[in-house]
Amino acid sequence: MIVVSFEAFVVFFLVAGLLVVVGLWLFYDLRDKSYYDRQRSLRAHHCVRCGALYASRAKTEVAACPECGFENASLRF
Ligand SMILES: [Zn+2]
């Protein structure tokens, strides 16, 4: 039988608890970071031809309207 002192037992559970908290912190931090990076890459456009409001993930400033195909520049706020 393995004999473990009370102090080692307490330290083991403290370290295990801290590892769980740090692991959850890193998991949720990385998940939120990727979510906000995806949201930030969206560009809002307003079609001057048909009035549609739409978003695109295009790298360029211009994106075609999904309703009429007219190419509009992204909105600036
Ligand atoms: Zn349009």
Side-chain angles (χ1 to χ4, degrees):
M1 183 173 162
I2 300 172
V3 178
V4 178
S5 68
F6 179 72
E7 291 83 16
F9 185 74
V10 169
V11 167
F12 171 75
F13 279 100
L14 284 176
V15 170
L18 282 173
L19 287 176
V20 168
V21 169
V22 169
L24 288 173
W25 176 22
L26 289 175
F27 170 75
Y28 284 108
D29 190 51
L30 291 175
R31 190 189 71 168
D32 288 349
K33 183 178 183 307
S34 68
Y35 172 76
Y36 288 117
D37 283 347
R38 274 185 275 127
Q39 290 297 317
R40 198 171 346 137
S41 68
L42 282 176
R43 293 176 184 264
H45 302 269
H46 180 247
C47 183
V48 295
R49 181 183 285 173
C50 69
L53 196 60
Y54 61 99
S56 72
R57 294 189 188 278
K59 300 271 187 211
T60 59
E61 288 281 321
V62 178
C65 174
E67 302 290 328
C68 66
F70 189 77
E71 292 197 340
N72 299 286
S74 64
L75 297 176
R76 295 178 190 267
F77 298 100

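FYI, the numbering just counts along the sequence from 1.
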In a table with atom names and distances, give each donor-acceptor pair under 3.5 Å that connects a side chain of residues 5-34 to protein atoms at least two apart or in another chain.
from: S5; atom 1: OG; to: A8; atom 2: N; distance (Å): 3.3
from: K33; atom 1: NZ; to: D37; atom 2: OD2; distance (Å): 3.4
from: S34; atom 1: OG; to: R31; atom 2: O; distance (Å): 2.9

Check: residues 67-77 side-chain donor-acceptor pairs under 3.5 Å, at least two apart:
from: N72; atom 1: OD1; to: V48; atom 2: N; distance (Å): 3.2
from: N72; atom 1: ND2; to: Y54; atom 2: OH; distance (Å): 3.1
from: N72; atom 1: ND2; to: F70; atom 2: O; distance (Å): 3.2
from: S74; atom 1: OG; to: E61; atom 2: OE1; distance (Å): 2.9
from: R76; atom 1: NH2; to: E61; atom 2: OE1; distance (Å): 3.4

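Residues satisfying the side chain to side chain donor-acceptor pair (under 3.5 Å) criterion with R57, sequence neighbours excluded, are S41.
In this structure, H45 NE2 and S56 OG are separated by 3.0 Å, a value rounded to the nearest 0.5 Å.
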